[in-house]
2 protein chains.
Amino acid sequence: MKTLRLNSNDKAVLLGSRFFEKLSAAASDAILEGAVVSNHEEHDILFHQDEPVDSVFCVLSGLARVYRLGKDGREADIAVFPRGEIFGENAMFLGNRATANAQAIGSSMIARLDSRNLRRLAEQHPDIAQALMELLCRHGQMAEDCLAEDRLLTAPQRVASYILGHCPDGSTTFSFRLPFQKNVLAGKLGLAPEALSRAFSALRRSGVTVKGRMIEIHDRQALERF
Amino acid sequence: MKTLRLNSNDKAVLLGSRFFEKLSAAASDAILEGAVVSNHEEHDILFHQDEPVDSVFCVLSGLARVYRLGKDGREADIAVFPRGEIFGENAMFLGNRATANAQAIGSSMIARLDSRNLRRLAEQHPDIAQALMELLCRHGQMAEDCLAEDRLLTAPQRVASYILGHCPDGSTTFSFRLPFQKNVLAGKLGLAPEALSRAFSALRRSGVTVKGRMIEIHDRQALERF
DNA sequence: AACGTAAATTGACCTCGATCAAACAATTCC
DNA sequence: GGAATTGTTTGATCGAGGTCAATTTACGTT
């Protein structure tokens, strides 16, 4: 598969991401030194669990899914990353071995940053180390949030929580478009697609309208109470 | 509640922990500057979700449990930390607000390290930053492991996995003592105590003997297959 | 050792969500 | 535009695990 250097558009996506926002231009440039971009089709594997990985990844367009495989071949999503999100940084601290699989969802552009370079830079520049710590912390939090939701909430409650996460605080009524297919959302929430579908229809009774990928909320409080 | 300075024994536990193992004595001393110790009884709250926290914690003896509360008052364990483990470091990177609750399990001694001090030191000393990154990464991994197990394994399989995690690689037969009560293990595995009990009795058919807190494995492969 | 309390087990029941199958909707591709 | 493919919904069934209640076991205390 072909890899290219970053063009200016790719660079703009990276620099606009959460990870780079507090870093100086010089620091960012140093991190992006030697970065490459590749195009992927649906289901292309980015890395395999337990195999060596010497990059940190960033979604430039499309989506990436990080998941684990069970003995029986079933898959469990750990996280889904949209454009601008960095992932795969864990391997950097664990002997450059991936602890999960990652694949592209839909056709996606993925940047690879050299993890050895990044580590070296983190040693020299406290602000880069700081940015890395914040990244690790956010990702840890994401996993903890998922774990807590899985253990505390029913399927409709998890869906309600997901919707509320996209709804600005003030508004009672609100609508947005799902950033991916429903089967992806189902995986992210730890549900079978059928269960997600049923959860949506349970929420219909609480003022949630679903038409294709469009979600409308008519009564925020009702959702919060759910 | 009374807090004391570290005595030499406390210090030995801290320095023997994973976090400090690669750090120089000077670095460790700097981190422990101003650290205090407190004694806690069963169920003492160490910190509350969403409240300010300006320490990083370390278990000197006993156990600490980190958990989230559901709207209905139900609790979901995020992690259980034994002696020598550091926790509560997430708040350091999230505006000094706890993202979960923590309490002592049984009577425990807990050290508090000043997180502002630790942050400042991490800026100055790359090896301390490195140790922090590894800590964050391990904790993130723990949460991801839990999430994947919850989603991929049944109760007996999770228990089998827990047991195998305590069994050295070579041996077919093996025994060990649970480091805490079964209801704690149940919580850690995301199970009701009854479900843990039934899981143990299901494993009995695969060569696992349970007597009080003692666990005996007679056939490692059978467990792995489960 | 015996008591009292807390923990663990067992049984009965029930709910939630997985799975399978089929109908239906929405795409992509000629 | 229509066929073919893929995604989504719905229905029916089933099993895992939660909950409640009743015992039984283990443990700390005197």
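Order of the sequence lines fixes the chain letters, A, B, ..., with proteins taken first and strands second; residue numbering starts at 1 for each chain. Every value quoted in this text rests on a predicted model; they were computed, and no experiment measured them.
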Mind checking the CZ-CD1 spacing from A:F81 to A:I86? Nearest 0.5 Å is all I need.
10.0 Å
Mark yes or no: B:K182 above the aromatic ring of B:F200, with NZ or CZ under 6.0 Å from the six-membered ring centre and no more than 45 degrees from the axis.
yes
Interatomic distance, B:D150 CG vs C:dA18 P [rounded to whole Å]
13 Å
C:dA6 C1' sits how many Å from B:I105 CD1, rounded?
16 Å
Return the set of residues passing salt bridge (Lys or Arg N to Asp or Glu O under 4.0 Å) with A:D150 (not counting sequence neighbours), or none when no residue passes.
A:R158, B:R151
Quick one: which residue pairs count as a side chain to side chain donor-acceptor pair (under 3.5 Å) with a foot in residues 164-174 of chain B, not counting sequence neighbours?
B:Y162-B:H166
Listed pairs, N/O of protein and of nucleotides 1-5 of chain C, under 3.5 Å:
none

Matching residue for B:V159 among B:L189, B:L153, B:L164 - test: side chain to side chain contact (heavy atoms under 4.5 Å, CB included):
B:L189
Check whether any side-chain heavy atom of B:E75 lies under 4.5 Å from a side-chain heavy atom of B:N101, and answer yes or no.
no
Looking at residues at least two apart in the chain, or sitting in another chain, which of them share a side chain to side chain contact (heavy atoms under 4.5 Å, CB included) with B:A195?
B:L191
To the nearest angstrom, the NZ-C1' distance between A:K211 and C:dA25 comes to 14 Å
What is the distance, to the nearest angstrom, from the CZ atom on B:R151 to the C1' atom on C:dC16?
16 Å
Could you state the atom-to-atom distance from CD of A:E41 to P of C:dT28 in whole Å?
14 Å
Quick one: OG on B:S61 to CD1 on B:I110, what's the gap to the nearest 0.5 Å?
7.5 Å
Provide the full list of salt bridge (charged side-chain N to carboxylate O under 4.0 Å, His left out) pairs with a residue in residues 189-203 of chain B, sequence neighbours left out, each pair given once.
none
Contacts under 3.5 Å, N or O only, protein and nucleotides 6-12 of chain D:
residue	atom	partner	partner atom	Å
D:dT8	OP1	A:K182	N	2.9
D:dT8	OP2	A:N183	N	3.2
D:dT9	OP1	A:K182	NZ	2.9
D:dT9	OP2	A:S197	OG	3.0
D:dT9	O5'	A:S197	OG	2.9
D:dG11	N7	A:R198	NH1	3.0
D:dG11	O6	A:R198	NH2	3.2
D:dA12	N6	A:R198	NH2	3.2

Starting at CZ of B:R74 and ending at C1' of D:dT19, how long is that distance when rounded to a whole Å?
11 Å
Quick one: B:L178 CG to D:dA26 P, roughly how many Å, whole number?
14 Å
Rounded to whole Å, the CD1-P distance (B:I215 to C:dA8) equals 11 Å
